[in-house]
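Numbers restart at 1 for each chain; the letters A, B, ... are given by sequence-line order, proteins then strands. These numbers come from a predicted model, not from an experiment.
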Number of protein chains: 2
Amino acid sequence: MQMKQVKDYKQAFHECLKRMGLRSTVQRDVIVDEFFAQDRHLTPEELYRILRRKHRRIGFSTVYRTLKLLTGCSLVREVGTSNGTTLFEASFNHPHHDHLICDCCGKLIEFLDQEIESIQERVALKHQFHMTGHRLIIQGICRECIKKGKS
Amino acid sequence: MQMKQVKDYKQAFHECLKRMGLRSTVQRDVIVDEFFAQDRHLTPEELYRILRRKHRRIGFSTVYRTLKLLTGCSLVREVGTSNGTTLFEASFNHPHHDHLICDCCGKLIEFLDQEIESIQERVALKHQFHMTGHRLIIQGICRECIKKGKS
DNA sequence: GTTAATGCAAAACTTTTGCAAATTG
DNA sequence: CAATTTGCAAAAGTTTTGCATTAAC
């Protein structure tokens with residue numbers, strides 16, 4: 001099962017590169033592998049630090065450039081910004097969802113509410129908008145932080 | 001009517017400053033006035049450029065510091081980020097709402113859907129989250145851009 | 001062998017901060 | 001007059017870019 005999944009995102013990436021007339025490189029493979037292995041929200045900086053531990057010769061710019069590529073291939077999406085840096089998450093085999101974010105500890109919880117989804121389409125329709133996507137973030141304090149009385 | 005409104009946000013600002021033990025200054029007044037006169041979404045840089053045209057002696061840092069203050073006083077809120085810079089909008093006498101944003105021309109349309117609002121509270125409750133706010137942005141192509149075929 | 005991609009360092013951004021001078025209450 | 005706020009310049013961040021070198025097709 002694990003292998004199937006691994007094969008899939010990589011295959012999709014290589015196909016996308018080929019379609020765009022771009023080349024597959026060692027660095028691009030290493031980056032996409034590490035990103036999908038982590039299986040969580042990452043900033044470019046976190047990803048870079050993880051990569052450096054395992055593969056000495058990787059540049060920050062390559063990480064940025066590859067994340068942009070992956071976004072273009074719809075394998076990765078920008079979730080939002082946290083403390084001025086962009087947060088990315090895998091979107092391949094990871095269907096759309098929204099987020100609860102804890103103002104206190106920064107924890108991110110994913111959720112999907114079908115009603116919200118369909119109301120959004122209705123709103124877009126009403127304004128004669130061709131909806132291409134959306135982003136919903138609910139801010140608040142999570143259960144653990146409430147318990148700890150951290151406000 | 002116009003005068004009433006003008007008096008209100010300024011009064012609220014001064015009261016908030018006093019409450020926090022902070023001082024009213026010429027610069028803070030100029031900035032809040034200009035922000036509310038514009039009555040639209042602004043980046044710190046746009047606001048600064050507008051201010052500079054009218055009042056030569058204003059520093060960029062003061063604009064940033066005052067925007068932060070105004071946010072703390074709930075007179076202004078952060079709407080999101082556009083091209084790496086923060087977008088602010090007036091929130092005094094400007095109740096909560098969400099946004100449709102055109103990927104093509106950048107136009108921002110405000111909307112409010114009560115159903116979405118209440119479902120969000122339900123979602124927060126389900127995850128035992130104490131919701132303090134939320135942000136919903138629907139991306140897409142607006143009617144005008146569709147017509148112009150700008151895709 | 002062409003052409004594209006990399007790593008590095010430097011640049012370009014936005015936002016924050018330290019500090020002497022000015023302004024406020 | 002004591003304490004806060006300002007403007008400036010410099011720092012601190014993140015992200016992008018220019019360019020010689022390396023790697024892919």
Pairs involving [range], ordered by first then second residue, that meet salt bridge (charged side-chain N to carboxylate O under 4.0 Å, His left out) (sequence neighbours left out):
{"range": "residues 107-120 of chain A", "result": "K107(A)-E144(A), D113(A)-R122(B), E115(A)-R122(B)"}
{"range": "residues 63-85 of chain B", "result": "R77(B)-E89(B)"}
{"range": "residues 125-138 of chain A", "result": "none"}

- Task: Remember a base hit wins even if backbone is also touched, and classify T86(A) as base, sugar-phosphate or nothing at under 4.0 Å, heavy atoms.
- Result: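 T86(A): backbone/sugar contact only, no base atoms under 4.0 Å.
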Show each protein N/O and nucleotides 18-21 of chain C N/O combination with a separation under 3.5 Å, one pair to a line.
none

Quick one: is [X] getting a side-chain N or O under 4.0 Å of the [N] phosphate, OP1 or OP2?
{"X": "T62(A)", "N": "dG7(C)", "answer": "yes"}
{"X": "K68(B)", "N": "dT16(C)", "answer": "yes"}
{"X": "R57(A)", "N": "dG7(C)", "answer": "no"}
{"X": "Y64(A)", "N": "dT15(D)", "answer": "yes"}

Residues clustered with [X], ILVMFWY side-chain links under 4.5 angstrom:
{"X": "L100(A)", "answer": "I109(A), F111(A), I116(A), I119(A), V123(A), F129(A), M131(A), L136(A), I138(A), L100(B), I109(B), F111(B), I116(B), I119(B), V123(B), F129(B), M131(B), L136(B), I138(B)"}
{"X": "L108(B)", "answer": "I101(B), I137(B)"}
{"X": "L87(B)", "answer": "V79(B)"}

- Message: Any residue in residues 15-24 of chain A with a heavy atom nearer than 4.0 angstrom to DNA chain D? Just list them by number, or reply none.
- Response: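 Residues of residues 15-24 of chain A under 4.0 Å from DNA chain D: R23(A), S24(A).
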- Task: Measure from CD on Q27(A) to P on dA4(C) and round the result to the nearest Å.
- Result: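 Going from Q27(A) (CD) to dA4(C) (P), I get 17 Å.
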- Between D29(B) (CG) and dT24(C) (P), how many Å, whole number?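 Rounded to whole Å, this separation is 10 Å.
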Could you pull out all donor-acceptor pairs under 3.5 Å where a side-chain atom in residues 46-54 of chain A meets a protein atom, sequence neighbours excluded?
{"from": "E46(A)", "atom 1": "OE1", "to": "T43(A)", "atom 2": "N", "distance (Å)": "2.9"}
{"from": "Y48(A)", "atom 1": "OH", "to": "R52(A)", "atom 2": "NH1", "distance (Å)": "2.7"}
{"from": "R49(A)", "atom 1": "NH1", "to": "E45(A)", "atom 2": "OE1", "distance (Å)": "2.7"}
{"from": "R52(A)", "atom 1": "NE", "to": "R56(A)", "atom 2": "O", "distance (Å)": "3.1"}
{"from": "R52(A)", "atom 1": "NH1", "to": "I58(A)", "atom 2": "O", "distance (Å)": "3.0"}
{"from": "K54(A)", "atom 1": "NZ", "to": "E34(A)", "atom 2": "OE2", "distance (Å)": "3.4"}

- Message: Please enumerate all residues that pass disulfide bond (SG atoms under 2.5 Å apart) together with C73(A), with sequence neighbours excluded.
- Response: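 Here the qualifying residues are C16(A).
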- When the C1' atoms of the five terminal pairs at each end define the local axes, what inter-axis angle does the helix from dG1(C)-dC25(D) to dA12(C)-dT14(D) show, to 10 degrees?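 Inter-axis angle at the termini of the helix from dG1(C)-dC25(D) to dA12(C)-dT14(D): 30°.
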- Task: Could you pull out all residues at least two apart from H55(A) that satisfy ring pair (Phe, Tyr, Trp, His ring centres under 6.0 Å)?
- Result: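 So H55(A) forms no ring pair (Phe, Tyr, Trp, His ring centres under 6.0 Å) with any residue.
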